[in-house]
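Every heavy atom of this structure was used, including side-chain atoms; hydrogens, water molecules and symmetry mates were not. The residues of the chain are indexed from 1 along the displayed sequence.
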Amino acid sequence: MLVALAAATATAAPVTPRQDDEIVERLPLRAGSAAERARQRAEQRALIQQPRDLGLAVSAAREAIERSRRFGDPRDLGTAQAWLQPWWSDPQAPAVARLLKAVVLQARHEFDPALAELDRLLADRRLQPALRAQAELTRAGVLQVRGRWDEARAGCERLAAPPLALPHGLACLAELDSLQGRDPDARHRLAELDRLPQAPHAWLALLRAELAERQGLPEAGALYASALRQDDGLYVRAAYADWLLDAGRPAEAAEVVRAGQPKEIGPMLRALPDALLLRLAIAWRRASDPATSQARAEMQERFDAAAVRGDPSHARERARFALDVLDDAPLALREAELNWTLQREPADAVLLLRAARAAKQPERAEPVRVFVRDQSLRDRRLGEPG
């Protein structure tokens with residue numbers, strides 16, 4: 001890792017501008033509507049004048065978090081933290097500020113600090129029901145990513161039981177039941193929940209698509225397309241592209257990734273968030289598109305810049321880049337192993353197995369096989385536990 005970091009530093013050394021008007025980097029611009037821009041400027045002026053106005057800060061932080069979710073730009077998470085800065089390190093901060101802090105930490109893959117913040121928040125018996133529900137759901141999601149399914153299940157049960165009694169809890173339990181083979185018909189439970197007027201339909205559409213993919217059902221594609229129509233955020237678009245790639249349809253995966261982006265290749269590549277740029281590089285490579293080299297170079301530059309910043313996150317993306325774009329199986333295996341220490345979702349298990357096979361070192365995927373067996377994980381891409 002130190003050698004890799006040194007190499008990255010050599011290829012992406014920090015630059016000190018020689019004069020004030022020197023352009024260091026051109027960042028992608030999401031202009032939005034004139035009304036949006038005017039409202040954001042007014043909000044910024046108000047917050048500068050009243051930095052401890054909790055209502056304004058919370059509204060601005062939530063908006064920044066939502067932009068990060070949709071566009072995958074880490075600057076938006078920094079913006080959210082800036083609005084929350086007066087309360088960021090205050091253990092007595094208002095509950096809503098602490099919840100948003102946990103969401104920011106989770107989005108940065110700082111899972112343990114996020115869980116610690118959520119645990120402290122949920123220990124407050126005076127916590128309002130709406131905030132408690134959001135905190136429980138966020139905590140269950142983080143625990144699920146970490147592979148701590150029993151703890152995640154306990155949180156989902158609290159969400160499903162009175163006084164909260166939310167469909168989110170029932171959906172969470174159905175997903176865990178499907179992951180662990182406790183209910184082969186969990187997909188029908190999710191479909192029934194999706195018929196409820198108060199159900200989180202966009203989220204349920206994604207859960208149903210992912211479940212169908214794990215079970216190898218052909219309707220997964222239609223479910224992903226439905227999920228994308230309801231929520232065109234970064235995660236859904238990337239998940240649908242992954243399904244298309246696995247189905248041997250790289251040209252369609254590239255179209256899903258490029259939807260709504262500039263037509264010119266250069267501006268389009270610069271505008272894409274990392275997760276979508278990675279899928280485009282993989283799709284173009286599998287389709288033998290001549291623009292593959294441009295996407296590969298842009299992606300490599302971003303990884304090099306992250307190494308210079310000392311950003312250790314997103315090992316999953318680095319492993320996939322090494323495996324599916326660079327054909328560097330040893331590097332892919334190292335990154336996949338690092339990723340497995342942080343995240344233990346089905347996609348992470350599949351990635352480590354693939355990397356170990358490609359590197360001709362299948363024994364290094366033993367942690368995945370132990371996890372699959374111990375957790376009774378069911379996913380047709382992994383085979384049966386044991």
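Applying the salt bridge (Lys or Arg N to Asp or Glu O under 4.0 Å) test to Arg237 and every residue at least two apart in sequence or in another chain returns nothing. Judged as a salt bridge (Lys or Arg N to Asp or Glu O under 4.0 Å), and not counting sequence neighbours, Asp53 has no contacts. Judged as a side chain to side chain contact (heavy atoms under 4.5 Å, CB included), and not counting sequence neighbours, Pro74 has no contacts. In this view, Trp87 satisfies the ring-ring contact (aromatic ring centres under 6.0 Å, His included) rule with no residue, not counting sequence neighbours. Residues forming a side chain to side chain contact (heavy atoms under 4.5 Å, CB included) with Ile265 (at least two apart in sequence, or on another chain): Leu269, Trp284, Ala291, Gln294. Ala140 meets the side chain to side chain contact (heavy atoms under 4.5 Å, CB included) test with Cys156, Cys172; sequence neighbours excluded. In this structure, Asp289 has no salt bridge (Lys or Arg N to Asp or Glu O under 4.0 Å) partners at least two apart in sequence or on a different chain. Partners of Arg125 by side chain to side chain contact (heavy atoms under 4.5 Å, CB included), not counting sequence neighbours: none found. In terms of the salt bridge (Lys or Arg N to Asp or Glu O under 4.0 Å) criterion, Glu175 has no residue partners (sequence neighbours excluded).
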Stepwise side-chain hydrogen bond (donor to acceptor under 3.5 Å, both in side chains) check, Arg153 with Gln180: CA-CA 11 Å; Arg153 182 178 293 276; Gln180 296 186 286; 3.1 Å; yes
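Residue pairs that meet the side-chain hydrogen bond (donor to acceptor under 3.5 Å, both in side chains) test with at least one member in residues 156-172, sequence neighbours left out, are Glu136-Arg158. Screening residues 46-78 for disulfide bond (SG atoms under 2.5 Å apart) gives no qualifying pairs among residues at least two apart or on separate chains. Sorted by first and then second residue, the ring-ring contact (aromatic ring centres under 6.0 Å, His included) pairs with a member in residues 327-380 read Trp149-Phe371, Trp340-Phe371; sequence neighbours excluded.
What you find for Asp231 and Ala202 is that their closest heavy atoms are CB-CB, 4.0 Å. Across Val256 and Leu244, no two heavy atoms sit closer than the pair CG2-CD1, 3.6 Å.
Leu121 and Leu143 fall into different hydrophobic clusters, where Ile, Leu, Val, Met, Phe, Trp and Tyr are joined by side-chain heavy atoms under 4.5 Å apart, directly or via other members.
Residues Arg108 and Gln81 have side chains that bring a donor and an acceptor to within less than 3.5 angstrom of each other. Between the side chains of Arg378 and Ser178, not a single donor N or O lies within less than 3.5 Å of an accepting N or O.
Each of Asp246, Asp324, Asp348 was compared with Arg354 under the salt bridge (charged side-chain N to carboxylate O under 4.0 Å, His left out) criterion, and only Asp324 meets it.
The closest side-chain heavy-atom distance from Leu206 to Tyr235 is below 4.5 Å.
No more than 12 heavy atoms of other residues, nucleotides or ligands sit less than 6.0 Å from atom CD of Gln128.
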